[in-house]
Engineer: 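This is the structure I have questions about; it appears just below.
We use all heavy atoms of the structure for the numbers below, so side chains are in, but hydrogens, waters and symmetry mates are not.
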Amino acid sequence: APGQETLGVGKEVLVPGKACPASGIQPWEERYKEMAQAMGIDPSTNKYVPFDPTEKKFVTNWNQIVLGEREEEGIDFWWLDWQQGEDWIKVAGVNPTFWLNYIFFTNPNHWQRGGADNRGMLLHRWGGLGNHRYQVGFSGDVVPLWQSLDFQVYFTLTASNVAYGFWSHDLGGHITPSPPELYTRWIQWGAFSPIFRTHCTKNANNYRRIWLYPFTYYSVMRRYMALRAALVPYLYTSARQAHDTGVSMLRPMYYDYPEADEAYTYTTQYMFGDHLLVSPITAAMNPTYNSTHKAVWLPPGQDFVSWHSGEVFKTPFVLKRNYTLSEMPVFAAVGTVLPLRTKEDVAVGSSQNNPAALKLIVFVAGGAGTAGTGHVYEDDGVTNSYMNEVVAPASFL
C-alpha cells in the first residue's frame, strides 16, 4: 500500500527442521535400513529402532545417518518436540528434554562440520533449571484467549528469574483460530519480546498469515512487524548485554526498581533492554470507545517519553489512559539514543547482515540540556568468536 514499508526477502533466511524423535526410527522411514543395520537389527524383521539418547552408539548413528544428511541438504537448526517426560529414560536422574537439548546444541557433527566454528541454535521445550544454556525455548500449544496472552507476558518476564531470557511463543495462540483483535495485540506483544515467532496447528481455518485478516488489523500488524525488523540493532545489543551480565533483556520492573512497591504489583509491564519500558495490551477493547483502558507505572529516577505520542511524563507517575488498536504503551527514558535499521534494510532474512546505515531516534524532554547515550553491538553473527572477544559497543553521544 502507498506509504508503507517494503518487506522484501533477504539472502540469509535460515531453515529449521522439526524433529519429534521419541518414537525411534520406524520401518517406513527413509533411512530405516541403514539405522537398523548400524544398531544390529535385521531390517527384514521390520522391528523399529528404539530411541535412546543416552546410548552413544545410537546417537552417533542417528547423527551421521539420519540428521547429518538433512543438515547437509540445508537444515540450519532443529526444532525439538515430543520428547519431554522422565519416565521412559533408561538412565536414572536424566531428564530426556534437558539431555536432548544438550546433545543438539553442542553437536560437533553439525556446528563444527567442515572445520567451522558455528554457534549452537535450537528451538526446544523447557528441560528444567540450567536450560538457559541451550536457547531458544518455545512455550507449547496455547489456546487463543485474552487470559493466555495476559499470562504469557507475566510468564516471560518472570522466567528471567531463572536466567531463561529467550522464550518464544506461538503468537496468536496455537489450538484454534485467533480472533483479529486478539491476534493484533499478540503481534504487538511479539514485537517487543525476545523472540518473534508466529505458529499454529495445521488446520484449514487456523492460520497466522496477517494478510488474510481484515485490512484494519492487517495494517496494524504489518506496521509492528516492520518495527520489529527495525529494532534488530537494539535487540542484538541487548542480547550481548544479557550474555555478559546474565540479566535478561526482558525483565520484571523489580530488577531495576527493587525498593518500589509498584515494581511488584504492575506484573505485565517490563523493561525491554536498558532503555524501553513496555506494557502490552492484554484485554479486549471497550466497543463503546474502541479502545482499551490500561494503567502504566512510570518509575522514578528519570522521566519517560511516549514512543507513539512524544509526550514527556515526569516521574514517578501512574499513567491511566485508553489505547486504540494501533496504540501500545511503549516508553523510552529521556536521553535514550535508540539504534534502528532503516526502511531499506528490513527485508526478511537480512538481520544477519550489517546494515548499510543506522537510524537513531533520540528521546528528549524538550529545551536545552538533555543528555544521553546509546550503544550498538555487532559481530559476525555466526561463529563462536564472540565468546573470546572483549567488546566495547559503539557509543552515540
Engineer: Measuring centre to centre across the rings, with the benzene-like ring taken for any Trp, is Y213 within less than 6.0 Å of Y183?
Structural biologist: yes

Engineer: Which residue pairs satisfy the salt bridge (Lys or Arg N to Asp or Glu O under 4.0 Å) criterion with at least one member in residues 163-178, sequence neighbours excluded?
Structural biologist: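 Matches after skipping sequence neighbours: D170-R197.
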
Engineer: Using salt bridge (Lys or Arg N to Asp or Glu O under 4.0 Å), reason through K33 and D42 one step at a time and then give a plain yes or no.
Structural biologist: CA-CA 8 Å; K33 180 179 179 180; D42 182 357; over 6 Å; no

Engineer: What heavy-atom pair brings L325 and M285 nearest, and what distance separates the two atoms?
Structural biologist: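 Where L325 meets M285 most closely, the heavy atoms are N-SD, 3.8 Å.
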
Engineer: Closest approach of S248 and S160, non-hydrogen atoms and distance?
Structural biologist: CB-OG, 3.4 Å

Engineer: Between L182 and L171, is there shared hydrophobic-cluster membership here, with clusters defined by ILVMFWY side-chain heavy atoms closer than 4.5 Å?
Structural biologist: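 Linked, L182 and L171 end up in one cluster.
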
Engineer: Within the 4.5 Å heavy-atom criterion, are S306 and V312 side-chain neighbours or not?
Structural biologist: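 The answer is no; the side chains never approach within 4.5 Å.
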
Engineer: Using a strict 4.0 Å threshold on nitrogen-to-oxygen distance, state whether E327 and K294 make a salt bridge.
Structural biologist: no

Engineer: Answer yes if Y266 and F304 sit in the same cluster of Ile, Leu, Val, Met, Phe, Trp and Tyr residues linked by side chain heavy atoms under 4.5 Å apart, and no otherwise.
Structural biologist: yes

Engineer: Kindly indicate whether the side chain of W307, heavy atoms from C-beta on, has any atom under 4.5 Å from the side chain of F331.
Structural biologist: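 Not in contact.
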
Engineer: Do H169 and S139 meet the criterion of a side-chain donor-acceptor pair at a distance under 3.5 Å?
Structural biologist: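 A donor-acceptor contact under 3.5 Å links the two side chains.
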
Engineer: Where do Q147 and D150 land on the side chain to side chain contact (heavy atoms under 4.5 Å, CB included) test, with the steps shown first?
Structural biologist: CA-CA 5 Å; Q147 296 93 322; D150 186 71; 5.7 Å; no

Engineer: Going by heavy atoms in the side chains, are M253 and L277 under 4.5 Å from each other?
Structural biologist: yes

Engineer: Any idea how F215 and Y218 line up, ring-wise: parallel (<30°), tilted (30 to 60°), or perpendicular (>60°)?
Structural biologist: tilted

Engineer: I need the minimum non-hydrogen distance between L67 and N63, along with the two atoms involved.
Structural biologist: CD1-OD1, 3.4 Å

Engineer: Say whether Y224 and L276 are linked into one hydrophobic cluster, either directly or through other cluster members, by side-chain heavy-atom distances under 4.5 angstrom.
Structural biologist: yes

Engineer: Testing W78, F98, F77 for ring-ring contact (aromatic ring centres under 6.0 Å, His included) with Y134, which one passes?
Structural biologist: F98

Engineer: Surrounding CD of E73 (heavy atoms of other residues, nucleotides or ligands, distance under 6.0 Å), is the total greater than 12?
Structural biologist: yes

Engineer: Same cluster or not: F196 versus V330, using hydrophobic residues (I, L, V, M, F, W, Y) connected whenever any side-chain heavy atoms lie under 4.5 Å apart?
Structural biologist: yes

Engineer: Quick test of your reading: applying ring pair (Phe, Tyr, Trp, His ring centres under 6.0 Å), list the pairs with at least one residue in residues 145-166, sequence neighbours left out, ordered by first then second residue.
Structural biologist: W126-Y164, F151-F155, F155-W167, Y164-W167

Engineer: Can any side-chain N or O of R251 pair as donor or acceptor with the backbone N or O of G273 at less than 3.5 Å?
Structural biologist: yes

Engineer: For the residue pair T268 and P280, what are the closest heavy atoms and their distance?
Structural biologist: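 T268 and P280 have their closest heavy atoms at O-CD, 3.4 Å.
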
Engineer: Hey, would you say the F104 and W62 ring centroids sit under 6.0 Å apart?
Structural biologist: yes

Engineer: Show your working on salt bridge (Lys or Arg N to Asp or Glu O under 4.0 Å) between R70 and D76 and close with a plain yes or no.
Structural biologist: CA-CA 9 Å; R70 302 286 83 82; D76 294 296; over 6 Å; no

Engineer: Over all heavy atoms of both residues, which pair between R341 and K359 is shortest? Give the atoms and the distance, please.
Structural biologist: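 Closest pair (atom of R341, atom of K359, distance): O-CB, 4.5 Å.
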
Engineer: What residue pairs, at least two apart or across chains, pass ring pair (Phe, Tyr, Trp, His ring centres under 6.0 Å) with a residue in residues 241-264?
Structural biologist: H243-Y386, Y254-Y264, Y257-W297

Engineer: Evaluate the criterion side-chain hydrogen bond (donor to acceptor under 3.5 Å, both in side chains) for residue pair T201 and N203; output intermediate values, then yes/no.
Structural biologist: CA-CA 6 Å; T201 190; N203 184 301; over 6 Å; no

Engineer: Above 12 or not: heavy atoms from other molecules or residues under 6.0 Å from OH of Y102?
Structural biologist: no

Engineer: Is there a path of hydrophobic side-chain contacts, each under 4.5 Å between heavy atoms, that joins L157 and W189?
Structural biologist: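 L157 and W189: one cluster.
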
Engineer: Go through the side-chain N and O atoms of Y32 and N46 and say whether any donor and acceptor fall under 3.5 Å apart.
Structural biologist: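 Short answer, no.
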
Engineer: Locate the shortest heavy-atom distance separating P53 from L100; write the atom from each residue and the value.
Structural biologist: CB-CD2, 3.9 Å

Engineer: Do N101 and N131 get their side chains close enough for a donor-acceptor pair, meaning under 3.5 Å?
Structural biologist: yes

Engineer: Check whether any side-chain heavy atom of T282 sits under 4.5 Å from a side-chain heavy atom of R185, and report yes or no.
Structural biologist: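 Not in contact.
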
Engineer: Would you call the rings of H174 and H199 parallel, tilted or perpendicular, where under 30° means parallel and over 60° means perpendicular?
Structural biologist: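 H174 and H199: tilted rings.
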
